[in-house]
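Report on the structure given below.
All values below come from the heavy atoms of this structure, side chains included, with hydrogens, waters and symmetry mates left out. Proteins come first, then strands; the chains are lettered A, B, ... in the order of their sequence lines, and each starts at number 1.
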Amino acid sequence: MIALSLKDLDISYGDTQITHKVSLDIAEGESFALVGESGSGKSTVLKAIAGLAPQWTGEIRVLGKARSHGVDRDFSRICQMVFQDPYGSLHPRKTVDATLGEALTIHGIGNRSARVEEVMGSVGLDRKFRFRFPHQLSGGQRQRVAIARALMLKPKILLLDEPTSALDVSVQAEILNLLKRLRREQNLTFLMVTHNLPVVSFLCDRLAVMRQGRIVEVADIDELKRGDLKESYSRELMQISAAHAT
Amino acid sequence: MRPLLEIENLRVTFPTARGDIDVVRGVSFTLGRERLGIVGESGSGKSMTGRSILKLVRAPGHVTADKLAFDGIDLSTRSEKQMRAIRGARISMVMQDPKFSLNPVMTIGEQIAEALLTHKRLPRREVNDRVHSMLESVRISDPERVARLYPHEVSGGMGQRVMIAMMLIPEPDLLIADEPTSALDVSVQAQVLDIIDELVRRKGMGLIFISHDLNLVSSYCDRILVMNTGEVVEECKAGELMKAAHPYTRGLIASIPRLDETRDELPVLDRSAWAKA
């Protein structure tokens, strides 16, 4: 079954059109990556799906159901987003407990305390962090809170916007392992935006390369590992990554 | 030949409610006209090491060293006023994020000219010529137009190139680059580092490149120091990084995913093993 389907998606900010006819189909349980340099429109695609860039035309379907342009509660239950910067994405004056519990309050779900503890456990956060504020946590712990927040409503799809680029390599490894385990345990579908190809190679099944608002190539992860991408631009990106690896 | 920079037993201390904490604990190294990389995680003291060379550690932070000498000058006894003559002119520093380090209400041309005029008096014509040729050397193709722009009108990559131009125009002997490309994407990263590399080689400067990215450091430096909790745990030639002996260094290398990744799980550092609190 197709978890997430985009068809001829044109997204604009004001008069500027950012993406041009983006079409994608992501199967349930699949981990899909969007790669490209900054300004290629990859984050904008995630924002449009999450409802943060409402000025779009085309079609966004989630588990077969079309998404509307406004705030959509049913949609929020299925699809949640994790942002790039854990320092910026958590409310500085809310404790971990308040941040995690908020989604339950909005959706009128009871048994709040048990659910908060359950999710904190699944992302590997000790109970002692429950009543702390974001500034009392390290970058890696904060990103775990951000992931926990996204998981509160038991979504099927996670949108990940560069989830590890603000972290150190050693912490990045912890978060990547966590995401991989969560996906296996909860049968999640990932749509991840990144410019780090090795991360794609570790976490994803398929990838799409974007440039100037258009998808230039969709490839299987094995093709990336073998260095078998077809478009010249994708190969260029690959060579830059390879040049830094030793 | 006398080394450019000699540091012996450098300590940076911050007082806290539970007593003093050393964030840098007895770091020693010497630097010639070469490219040295300092790698470590956040909190390892690598940035503090860079800052203490320029005496930019603010109170209540406190820097002590048995020796802190730059080109024969003892930095630890210099006054603030004497340091100002060294900062920029002899040693300069490129910071992490161009968005926060450029003055938002001055044009790029004015800022670069200011860096030059602080240390030298020059006729305006010559200043303009040097600003333009400096912008050209950081591969900005139309320097006249860019010099008239404000920082918010340029991209992150171009902003960082402007920073580099500003830092290199007084022709310093030592450049400290503290995570110069962390705020940029991969494709621009390579460009910016190539520019630093080319300028450093051409002018025969010393470079201290501070970063958390092992791969990046090993491809742009001659020698690498690995820092953990304020101490240098390993020193090696860049080409020999893969043969590193210390478990911390090996752990860092292993935790980086590879382009042809086959491991199902990435190894994670066991901090308790060697962290002495």
Side-chain angles (χ1 to χ4, degrees), chain A residues 35-40 42-43 84-85 87 124 138-140 162 164-181 184 193-204 207 211 221-229 233 236-246, chain B residues 39-44 46 96-97 155-157 179 181-191 193-194 211-221 224 228 238-244 248-271:
Chain A
V35 300
E37 52 193 302
S38 41
S40 62
K42 56 192 194 311
S43 295
Q84 175 173 12
D85 182 4
Y87 297 86
S138 70
E162 309 236 13
T164 60
S165 66
L167 306 172
D168 278 348
V169 280
S170 49
V171 182
Q172 165 174 294
E174 289 172 24
I175 298 293
L176 290 177
N177 286 339
L178 170 69
L179 287 170
K180 201 166 195 173
R181 174 170 65 79
R184 198 169 50 225
V193 158
T194 183
H195 59 241
N196 189 330
L197 289 178
V199 167
V200 173
S201 167
F202 176 72
L203 196 64
C204 298
L207 74 154
R211 184 184 204 188
I221 203 68
D222 292 327
E223 293 171 64
L224 173 72
K225 286 180 186 175
R226 285 199 308 267
D228 231 8
L229 297 183
Y233 177 68
E236 210 177 292
L237 277 183
M238 217 163 54
Q239 274 155 12
I240 294 167
S241 299
H244 287 308
T246 34
Chain B
V39 222
E41 293 175 272
S42 30
S44 61
K46 55 188 194 307
Q96 188 165 359
D97 198 335
S155 66
E179 305 259 7
T181 58
S182 308
L184 311 175
D185 19 280
V186 221
S187 46
V188 190
Q189 240 176 34
Q191 249 177 40
L193 290 171
D194 287 339
S211 172
H212 68 261
D213 192 331
L214 277 165
N215 287 331
L216 215 55
V217 169
S218 66
S219 48
Y220 283 95
C221 293
I224 296 178
N228 182 28
E240 291 165 10
L241 187 65
M242 289 303 135
K243 293 183 216 151
Y248 178 74
T249 319
R250 300 192 68 90
L252 276 186
I253 295 171
S255 66
I256 305 169
R258 277 197 288 264
L259 201 52
D260 52 350
E261 191 54 70
T262 51
R263 293 173 289 182
D264 195 36
E265 194 170 321
L266 295 169
V268 170
L269 285 175
D270 177 13
R271 275 161 234 284

Where the side chain of A/K180 meets the backbone of B/D264, is there a donor-acceptor pair that is under 3.5 Å apart?
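Checked: pair present.
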
Main-chain N/O of B/L266 paired with A/N177 side-chain donor or acceptor, under 3.5 Å
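Flag set: sc A/N177 to bb B/L266 pair under 3.5 Å.
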
In terms of heavy-atom proximity below 4.5 Å to chain B, should A/L203 be classed as side chain, backbone, both, or neither?
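Contact with chain B is absent: no heavy atom of A/L203 under 4.5 Å.
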
Spatial distance of atom [atom1] ([X]) from atom [atom2] ([Y]) [nearest 0.5 Å]:
{"X": "A/S170", "Y": "B/I256", "atom1": "OG", "atom2": "CD1", "result": "9.5 Å"}
{"X": "A/L224", "Y": "B/E261", "atom1": "CG", "atom2": "CD", "result": "11.0 Å"}
{"X": "B/D260", "Y": "A/D222", "atom1": "CG", "atom2": "CG", "result": "11.5 Å"}

Per the side chain to side chain contact (heavy atoms under 4.5 Å, CB included) rule, which among A/V199, A/L197, A/V169 passes with B/P257?
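Going through the options one by one, the only one that passes is A/V199.
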
Partners of B/S211 by side chain to side chain contact (heavy atoms under 4.5 Å, CB included), sequence neighbours excluded?
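Checked B/S211 against side chain to side chain contact (heavy atoms under 4.5 Å, CB included); matches are B/E179, B/F209, B/D213, B/V217.
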
Residues forming a side chain to side chain contact (heavy atoms under 4.5 Å, CB included) with A/S165, sequence neighbours excluded
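Side chain to side chain contact (heavy atoms under 4.5 Å, CB included) list for A/S165, sorted by chain: A/Q84, A/E162.
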
Between chain B and each of A/P198, A/A173, A/S138, count heavy-atom pairs under 4.5 Å; write down the option with the most.
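Looking at each of A/P198, A/A173, A/S138 in turn, A/P198 comes out on top.
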
